There are 4 protein chains.
Amino acid sequence: MTRRGAAREAQKRRRREHLLACAREVFAERGYHGTSVDDIVRRAGVARGTFYLYFADRRAAFEALVDDFFARLTGCIRSIDVAHPTEPPVSQLRANLQRVCALALSEPASLQCVLRDASGLDVEFDRKLAAFYRGLYRFLDESLEVGQRIGLVRSGDRRVMVALAVGGLKQILADAVRGEAPADADALTDEIMRFLSAGLLAPPPPGVERERCDGSAATTRSEGAARHAKETRGIAKSTGSRGSDPGESRQPKNPRRAAGSGSS
Amino acid sequence: MTRRGAAREAQKRRRREHLLACAREVFAERGYHGTSVDDIVRRAGVARGTFYLYFADRRAAFEALVDDFFARLTGCIRSIDVAHPTEPPVSQLRANLQRVCALALSEPASLQCVLRDASGLDVEFDRKLAAFYRGLYRFLDESLEVGQRIGLVRSGDRRVMVALAVGGLKQILADAVRGEAPADADALTDEIMRFLSAGLLAPPPPGVERERCDGSAATTRSEGAARHAKETRGIAKSTGSRGSDPGESRQPKNPRRAAGSGSS
Amino acid sequence: MTRRGAAREAQKRRRREHLLACAREVFAERGYHGTSVDDIVRRAGVARGTFYLYFADRRAAFEALVDDFFARLTGCIRSIDVAHPTEPPVSQLRANLQRVCALALSEPASLQCVLRDASGLDVEFDRKLAAFYRGLYRFLDESLEVGQRIGLVRSGDRRVMVALAVGGLKQILADAVRGEAPADADALTDEIMRFLSAGLLAPPPPGVERERCDGSAATTRSEGAARHAKETRGIAKSTGSRGSDPGESRQPKNPRRAAGSGSS
Amino acid sequence: MTRRGAAREAQKRRRREHLLACAREVFAERGYHGTSVDDIVRRAGVARGTFYLYFADRRAAFEALVDDFFARLTGCIRSIDVAHPTEPPVSQLRANLQRVCALALSEPASLQCVLRDASGLDVEFDRKLAAFYRGLYRFLDESLEVGQRIGLVRSGDRRVMVALAVGGLKQILADAVRGEAPADADALTDEIMRFLSAGLLAPPPPGVERERCDGSAATTRSEGAARHAKETRGIAKSTGSRGSDPGESRQPKNPRRAAGSGSS
DNA sequence: TATGAATGAGGTTTCATTCAT
DNA sequence: TATGAATGAAACCTCATTCAT
């Protein structure tokens, strides 16, 4: 009995996994709304009723997928230890990011589900989704706050920083699984870090003037810089040719930083 | 007759607009899939059949909304003139961004429609959506390429940069219309520019070692940087080669924490 | 518009009636549980969706039938006026009964629906049903009470009398519509009145000993009868003469109200 | 083997009984249509398949319950011996009734099953039910006929009398198990007998005019009646032919009231 | 043109019953 | 025998779309 019961349990779990896997595929392909239970069971090769042995309804299956993926995503993220770091904070950040990318890239279907359909299913689901993002935002916000305190992160409206980072990550991952961006987790992570490090991490030490990117005049002074900030609010008509990379370039190891916006 | 015909035309156009406006509201509230034709006509105060006098089907109405919004969005974006700029490129960029933000914030419903449901409707619609984004991406990619060539934009995988920027923008706008981020177009633009300028635009001139964001150590060097700060408003046409290193390494010996968050 | 609107309304009402009539037939034939919406619309010659334009669901249609029938049944029943009767109470009773029988016999299908299926549909429906019967019971109970007070009705547990009367009526009507009992309302009424008048109405004056129907020996003694009214729950020997009239005459000259059935 | 076989048989029978008992409970609670096989096996604590080892299908279980209860009900009813009665016929009738009441009250669940759902299951079941009632009706009809012949039962349309009696009994029992009527078999029997004796049993001797219950006036006359009240416990074993109606008689306009119950 | 009743395809879900273990 | 997972027929209900007025 125990033996048999255990076997059954295992069998059941396997069946459920199978159904989930099929559901994931179809949801990813056709979207939640474009997927009927029939589609799922057809792919799984089981009868319609079988589906309902494992899930209360279509939504529940979808929810299971999303919950599961969110859980694993969450598992990728570790708090960044700045007190007694065994690893530099930025390294820790990078590791987080790398894990997230690796997970996402290894599960394109799950990612599709989460990014494309997870919103607008119904009120309850939206709440759940909102809760996930709220949690993520809060974590990131707090991390940024710490970062700002210790000078790792530049100042600025953290809500915006978080949103831009999260949104950017979502988009790049979505593109990546569609083959429109590097599908290698490490390469991707590197690129993202480049973006973040220049955008979120504190800029290089002063002594150098930096253009105010908000259009206001910078008061920072370096050899007499942002004088005309007001008028031009912007950028010089630089002419120098930098950036030697052509076309679709992906010059990761390109040492020449092309005219950083700010400088330092 | 002509007179009357014209009046009729106008009347017709007005009614169509009315229907679209109602549809926009409901779609934004409940999502495409959660919105029935009934919901729309109920709000519009017309009969169900009337809807079909103006739109081929439900999808067509949604498509019209999205098309329209995309058209206006596209209208916000002007090519950045780097050849004979009357305005610094960054300014032009900023202006583009500001217009997009202003438009988006002034039409939360349209934004919701585009961001929440525009995906997963059906194959044809996805194609249209993909086309829009492809166009946007291409434009941005080309812009970035020019930017890279003239040293305004740092080097890097442009696909990634574009994705991060676009994704970030989508997210921040979505948050903004939900009241979770600054809802003022200018303030928002400023914040985004800060992010972009530090993240997409060429980094500051060297002379300062900077932690490699890919985790490797870097002793960035730049020879004489912010010389032209004035003209370039702070952006050096640095040429120095930085990052000479390999591997996954993090920023081991980078003691100098670069200038605090607030930059000035 | 008004004209057309009115016509539409009428048309709609007619359609609804048609659907109800078909539903009534099928429900009566196959029972509620044996009837699918398909059965109904097939008989009505309309599409499935049409049904749902007129009724929220199958249950609602059934409910409408039952409600309607109950309403008409209720309409058959008039309070019996004993204060200033223009008609002898028994006549009034008979008239009530006759109307009920006539209605029931004229609507065999409705009767079937009510008697066969109205119970056990769901909790809410059961409540409604219970409410109807409770009302009926209360009405009858009160009527009997009055009857007892004025000596028209024998003494006894009114709950039992009511139940027996109601149950008997239900059964005889059910049988009648099935052709197993007189299907003529008047004949049926006569028979029922015979039953009731001998069973519910006060028995004739004593003078005659009568067997105890509870199986015990009767100790009653005739012309000294209602002595033990108290113990035996008997009835007063009212003497007032009521109803002295002819025609549909009720108990004209029967002044002597006799001791209860069990007498004494 | 035999031993073991016997034990097995017993075990089997016991399990079947258990299942039946559980089924009875659930059917009584939720009605046939509201009860799933799952409900039953869940209550019984066995697996679903097990149910089908003991019953062909759900209907069969229900049928078994009803059959069983009907059999026991039938067992309660003994033919009334009027030829050589050891007990007065009315006593015998009362005893029958008492047994029926006692059984019904002792098995509320069975009663519920029979009264609530026994109709409308399916054609075959309806036939069975009809057969039961036909048998009961026939028995009662014949009994009444005898009763009429010997003067125990008043004249009248026996179909109506039977229906009223059966219907009344059903209703009062249903009410009783629901707590809305005396739940004591003896008390209940007494009350029913009071009803019946005044309604079905021959009325006391005439000599008294009585209102016609069919609404018409009547000066019923009866020649010297309840002489033998003692022996017959009030019911004369009159042999005089009253009610000249034979068989299925429906003597509406029959002036001779066969010993009107109330008469007088 | 405007209306709104009618349509029916399509999806969801239940559950009685079967069957491999 | 007992089990309970699997089955799939059958019912329900919605809603986009059509069409007569």
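In the text below, chain A, chain B and the rest are named by the order of the sequence lines, each starting its count at 1. Because the structure is a prediction, the values reported are computed rather than measured.
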- Can you check the D:Gln11 CD to F:dA2 C1' distance for me, whole Å? 11 Å
- Task: Please determine if C:Arg72 and C:Asp68 form a salt bridge, counting it only when a charged side-chain N lies under 4.0 Å from a carboxylate O.
- Result: yes
- Which part of the nucleic acid, if any, lies within contact of C:Tyr54, taking any heavy atom under 4.0 Å across all strands shown: a base, the sugar-phosphate backbone alone, or nothing? sugar-phosphate
- Message: Run the side chain to side chain donor-acceptor pair (under 3.5 Å) test against D:Arg15 and tell me which residues pass, sequence neighbours left out.
- Response: none
- Query: Rounded to whole angstroms, how far apart are CG on A:Asp122 and P on E:dT12?
  - Reply: 14 Å
- Item | Rounded distance (Å) that lies between atom C1' of E:dC15 and atom NE2 of C:His33 | 15 Å
- Message: Ring-plane angle category for C:Phe62 and C:Phe27, please: parallel below 30°, perpendicular beyond 60°, tilted otherwise.
- Response: perpendicular
- Task: Would you kindly give the CG-to-P distance between D:Asp39 and E:dT14, to the nearest whole Å?
- Result: 13 Å
- Task: Enumerate, in order of first residue number, the stems that involve DNA chain E, defined as 3 or more consecutive Watson-Crick or G-U wobble pairs with both distances under 3.5 Å.
- Result: E:2-21 with F:2-21
- Message: Output the rounded distance in Å from CZ (B:Arg14) to C1' (E:dT1).
- Response: 15 Å
- Item | Partner of A:Asp122 under salt bridge (Lys or Arg N to Asp or Glu O under 4.0 Å), chosen from A:Lys128, A:Arg127, A:Arg59 | A:Arg59
- Report the residue from B:Leu53, B:Leu19, B:Ile40 that forms a side chain to side chain contact (heavy atoms under 4.5 Å, CB included) with B:Val46. B:Leu19
- Quick tally for nucleotides 7-13 of chain F: nucleotides whose base has a protein heavy atom under 4.0 Å get B, sugar-phosphate-only ones S, the rest -, giving BB-BSSB
- Item | Parallel, tilted or perpendicular, as decided by the 30° and 60° cut-offs, for the rings of B:Phe70 and B:Phe132 | parallel
- Message: I'd like to know if A:Arg8 reaches the base of E:dT21 with its side chain such that a donor and an acceptor end up less than 3.5 angstrom apart.
- Response: no
- B:Val41 to B:Ala47 - nearest heavy-atom pair and separation: CG1-O, 3.7 Å
- Task: Measure the distance from NE2 on A:His18 to C1' on F:dA5 and round it to the nearest whole Å.
- Result: 15 Å
- Query: For the side chain of A:Arg116 and the backbone of A:Ala28, is there at least one donor-acceptor N/O pair under 3.5 Å apart?
  - Reply: yes
- Heavy-atom nearest nucleotide on DNA chain E taken for C:Lys12 and for B:Lys12; more 5' hit belongs to B:Lys12
- Cation-pi geometry met for C:Arg58 and C:Tyr32 (6.0 Å, 45°): yes
